[in-house]
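Notes follow the structure.
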Amino acid sequence: MEEALAIPALRQRIDAVRELRLASPDKGARTILAKRPHQMKLMRIGAVQTIIVPIHSSENRPYLPVGLTDNRSTLTNATYGLYDAPLWNLALIASRLHLVWIATVCGKLETRYRYSNTLGWNTFPVPLLTEQNKLDLTRCAEDILLAREAHFPATIADLYDPDNMPDNLRRAHERNDEVLERIYIGRRFKNDTERLEKLFDLYTKMTATAEKTVLAKKAGRKSTNNAS
């Protein structure tokens, strides 16, 4: 904070935020937020790390450019965050399986993918994972991140250009796909059609099980009420 205030341009912005918050009709802004004008109102930061999922991504990219950030960075409204989620979650989102799922069930912005946490992530069918599965997927996620790091300072746009994707990054993604798809069916899927068929089959079973659980709970409450 002291370092920021020593820079005139930053101090001017921080002072302006303080004045704005002090003038706010919201009591919380006046009494709490005005005391920390150097911070955003909503501090979307994981205690350890945050997996970043862009809301919009080019339909030309072969994979979603999911990322990872530390506990010193906050996210903008252009992304979703999985706060302190295990790293194997990144492997799921970076997979071809997840891409074809969100391309089917989520919306679009013009022709670009428009990610939805409720439609895309919460509905994504995943088989029961063993601890070894999670370890294998964690290694895949690490390999993807290390492959990107090897090309620093190349941007995500550079790295995921379908015509110029680095070979080591492509291999890391293909390895991730192989590990994940073998968890689903014991081999690689033949094509995206087969991927979607399996995903919707799992989704149907997943939602049927959830519906049975809800009905059983309702029946239990009804029996208790009748007994009383």
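Only heavy atoms go into these numbers, but all of them, side chains included; no hydrogens, no water, no symmetry mates.
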- Message: Below 30° counts as parallel, above 60° as perpendicular, anything between as tilted: where do the rings of Phe124 and Trp121 land?
- Response: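 Ring orientation of Phe124 relative to Trp121: parallel.
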- Indicate the ring-plane relationship of Tyr115 and His98, choosing parallel, tilted or perpendicular according to the 30° and 60° boundaries.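 Aromatic pair Tyr115/His98 classed tilted.
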[X] side chain near [Y] side chain, heavy-atom distance below 4.5 Å:
X: Leu10; Y: Leu5; answer: no
X: Leu68; Y: Ile52; answer: no
X: Pro65; Y: Arg61; answer: yes

Over all atoms of both residues, closest heavy-atom pair of [X] and [Y]:
X: Ala47; Y: Asp84; result: N-OD2, 2.8 Å
X: Gly120; Y: Ile102; result: CA-CG2, 4.0 Å
X: Pro8; Y: Ala6; result: CD-O, 3.5 Å

Treating [X] as the side-chain partner and [Y] as the backbone partner, does any N or O pair qualify as donor plus acceptor under 3.5 Å?
X: Ser73; Y: Thr69; result: no
X: Asp177; Y: Ser95; result: no
X: Thr104; Y: Val100; result: yes
X: Glu194; Y: Lys190; result: yes
X: Asp70; Y: Gln49; result: no
X: Asp143; Y: Ala172; result: no
X: Arg21; Y: Arg36; result: yes
X: Asn176; Y: Cys140; result: no

- Query: In terms of side-chain heavy atoms, does His56 have a donor or acceptor partner in Arg114 at a distance below 3.5 Å?
  - Reply: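 His56 vs Arg114: donor-acceptor pair found between side chains.
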- Message: I'd like to know if the side chain of Asn168 pairs up with that of His151 as donor and acceptor (distance under 3.5 Å, no hydrogens or angles considered).
- Response: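 Distance-only check passes for Asn168 and His151.
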- Query: side chain to side chain contact (heavy atoms under 4.5 Å, CB included) with Arg96: which of Arg188, Arg195, His173?
  - Reply: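 Output: one option passes, namely Arg195.
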- Message: Assess the residue pair Arg148 and Tyr160 against the criterion (side chain to side chain donor-acceptor pair (under 3.5 Å)); give the C-alpha distance rounded to whole Å, side-chain angles, the decisive distance to 0.1 Å, and a yes or no.
- Response: CA-CA 10 Å; Arg148 293 180 188 171; Tyr160 285 86; 2.9 Å; yes
Once you round to the nearest 0.5 Å, how far does [atom1] of [X] lie from [atom2] of [Y]?
X: Asn60; Y: Tyr113; atom1: CG; atom2: OH; result: 8.0 Å
X: Thr138; Y: Leu135; atom1: OG1; atom2: CG; result: 6.0 Å
X: Ser58; Y: Ile156; atom1: OG; atom2: CD1; result: 13.0 Å
X: Asp15; Y: Leu20; atom1: CG; atom2: CG; result: 12.5 Å
X: Thr123; Y: Leu202; atom1: OG1; atom2: CG; result: 12.0 Å
X: Ile144; Y: Ile93; atom1: CD1; atom2: CD1; result: 11.0 Å

Joint cluster assignment, [X] & [Y], ILVMFWY side-chain distance < 4.5 Å:
X: Leu146; Y: Ile51; value: no
X: Ile183; Y: Tyr63; value: no
X: Met206; Y: Leu119; value: no
X: Leu64; Y: Phe189; value: yes
X: Leu137; Y: Ile185; value: yes

- Query: Yes or no on side chain to side chain contact (heavy atoms under 4.5 Å, CB included) for Thr79 and Val53, after CA distance, side-chain angles and deciding distance?
  - Reply: CA-CA 6 Å; Thr79 61; Val53 187; over 6 Å; no
- Query: Please walk me through it: do Leu159 and Leu169 pass side chain to side chain contact (heavy atoms under 4.5 Å, CB included)?
  - Reply: CA-CA 8 Å; Leu159 294 173; Leu169 180 57; 3.8 Å; yes
- Task: Would you check, one step at a time, whether the test side chain to side chain contact (heavy atoms under 4.5 Å, CB included) holds for Thr50 with Tyr80?
- Result: CA-CA 10 Å; Thr50 301; Tyr80 287 113; over 6 Å; no
I'd like to know whether [atom1] of [X] has more than 12 heavy-atom contacts from other residues, nucleotides or ligands below 6.0 angstrom.
X: Asn77; atom1: CG; value: no
X: Tyr184; atom1: OH; value: yes
X: Lys108; atom1: NZ; value: yes

- Pair Glu59 + Arg112, salt bridge at N-O below 4.0 Å: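 No.
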- Task: Give a yes or no on whether a salt bridge exists between Arg170 and Glu174, defined as a side-chain N under 4.0 angstrom from a carboxylate O.
- Result: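 Result for this pair is no, no salt bridge flagged.
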- Item | Verdict with reasoning, Asn133 to Thr130, per side chain to side chain donor-acceptor pair (under 3.5 Å) | CA-CA 5 Å; Asn133 292 153; Thr130 66; 3.1 Å; yes
- Task: Go through Val17 and Leu33 one step at a time and tell me if the side chain to side chain contact (heavy atoms under 4.5 Å, CB included) criterion holds.
- Result: CA-CA 9 Å; Val17 171; Leu33 296 180; over 6 Å; no
